[in-house]
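Have a look at the structure below before the remarks.
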Amino acid sequence: MPTDYEELRDAVARLCGQYQGAYWRALDRDMAYPTEFVEALTEAGWLSILIPENYGGAGLPLSAAAVVLEEIQATGCNGGACHAQMYTMGTLLRHGSDAQKAEYLPKIASGDLRLQAFGVTEPTAGTDTGSLKTTAVRDGDDFVINGQKIWTSRADHSDLMLLLARTTPLIEGMKKTMGLSVILVDMREAKDNGLTIRPIRTMMNHATTEVFFDNLRVPVKNLIGEEGQGFKYILTGMNAERILIAAECVGDAKWFIEKATIYAKEREVFGRPIGQNQGIQFPIAKAFTNMRAAELMVKEALRLYELGENPGAEANMAKMLAADASFEAANMCIQTYGGFGFAEEFDIERKFRETRLYQTAPISTNLILSYLSEHVLGLPRSY
Ligand SMILES: Cc1cc2nc3c(=O)[nH]c(=O)nc-3n(C[C@H](O)[C@H](O)[C@H](O)COP(=O)(O)OP(=O)(O)OC[C@H]3O[C@@H](n4cnc5c(N)ncnc54)[C@H](O)[C@@H]3O)c2cc1C
């Protein structure tokens, strides 16, 4: 049963308090990576909270990681720069060999190695992951990798990348999610040796990139788990990813609601606080209601996850409800602030842009609805 981790929440809030709006605004202007913030989180041990104690982490359950990420967002910071380290590591932990875990996990826990990059999405395949075209072909003790990924976030700020590539050619009659493998790419050796990373400028500061593989050689010993089973391994990590992103969205929604509530009490127009008008109150109350509903679904997904169940429906619903709640709260907050909502100095327009992402990534709302339609309601598969 998840606890509330109040001490952890307070400690995260204290650290985040040192990284206020001016810090994030400066980074946002330059599209720069929050190195100092990520280092502080790493040093405090919060990015390794899920790594077992025998590998140097805190060995805490997923609800502790959810508290960390929710609190980062609720204080106005942005965990998008490093959140993947928490869930990407899970693939290595669950499916890596003892030797791989012993080699990498302690260094990830100590911050000596960064595992921030997750290369799944490709420009032509998009959501249809089974159609990805990046290949890894065995040649002696190496895989030779060719292809391209897109939206590989944080690749420029990570030492390792967890890559999904096709190791068995797709032939007629074969399930297209078979023959894919997960390979750990050491990008320190790979850069300029067959790996090229190009940053993509986006509407928010997210350090995302496109990555090109041109005869990149990676030792076969970096294969995670069994060859050909990679899609299954990635899928098993997705519930954790969705629940953690949902927790971040709940944090964002809390930030917007608090900002709007304070402003609505202070700002006077027509000789009275704007918050006295129901046209201003009701959207705040509605955003609060939706945030609470999402928060409860996150808790339910965490409860089932920590019982060892496979809460695909709850993780997906939590992600959708929370992404909707955070974006609705963002919109409400801009409206409450009137013109000032658009001014950079209040951070609302920045957070508005940042939280918009979660309607699309790491899974778009349409695909969540398709999952629920097919797997929960038993409706015919739509694609
Ligand atoms: C800033 C950013 C960071 C990201 N970081 C990463 C990362 O680190 N690693 C990584 O691998 N990926 C990452 N992604 C990729 C992200 O997961 C995808 O963008 C997302 O899953 C949607 O896929 P797509 O962009 O290929 O859209 P497409 O698959 O091209 O779809 C376009 C639209 O059509 C809809 N659609 C497609 N098929 C269906 C269907 N059958 N039914 C209904 N609607 C459908 C989609 O929902 C979407 O709205 C990131 C994306 C962004 C924008």
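As the structure lists them, so they are numbered: ligands from 1, and atoms in each ligand from 1.
A cation-pi arrangement is present between R381 and Y383, with the terminal nitrogen or guanidinium carbon under 6.0 Å from the aromatic centre and inside a 45° cone about the axis.
You'll find the side chain of D252 stays beyond 4.5 Å of the side chain of E354, heavy atoms only. Side-chain contact between L8 and E71: absent, with no pair of heavy atoms (C-beta onward) separated by less than 4.5 Å.
Protein residues with any heavy atom under 4.0 Å from ligand 1: F118, V120, T121, G126, T127, W151, S153, R154, M204, H206, T208, L357, T360, A361, P362, S364, N366, L367, Y383.
Each of M161, M187, R198 was evaluated against V211; a single residue qualifies, M161, per the side chain to side chain contact (heavy atoms under 4.5 Å, CB included) test. Under the salt bridge (charged side-chain N to carboxylate O under 4.0 Å, His left out) rule, R217 has a single partner from D141, D186, D139, which is D139. Partner of D28 under the salt bridge (charged side-chain N to carboxylate O under 4.0 Å, His left out) criterion, out of R201, R353, K351: R353 alone.
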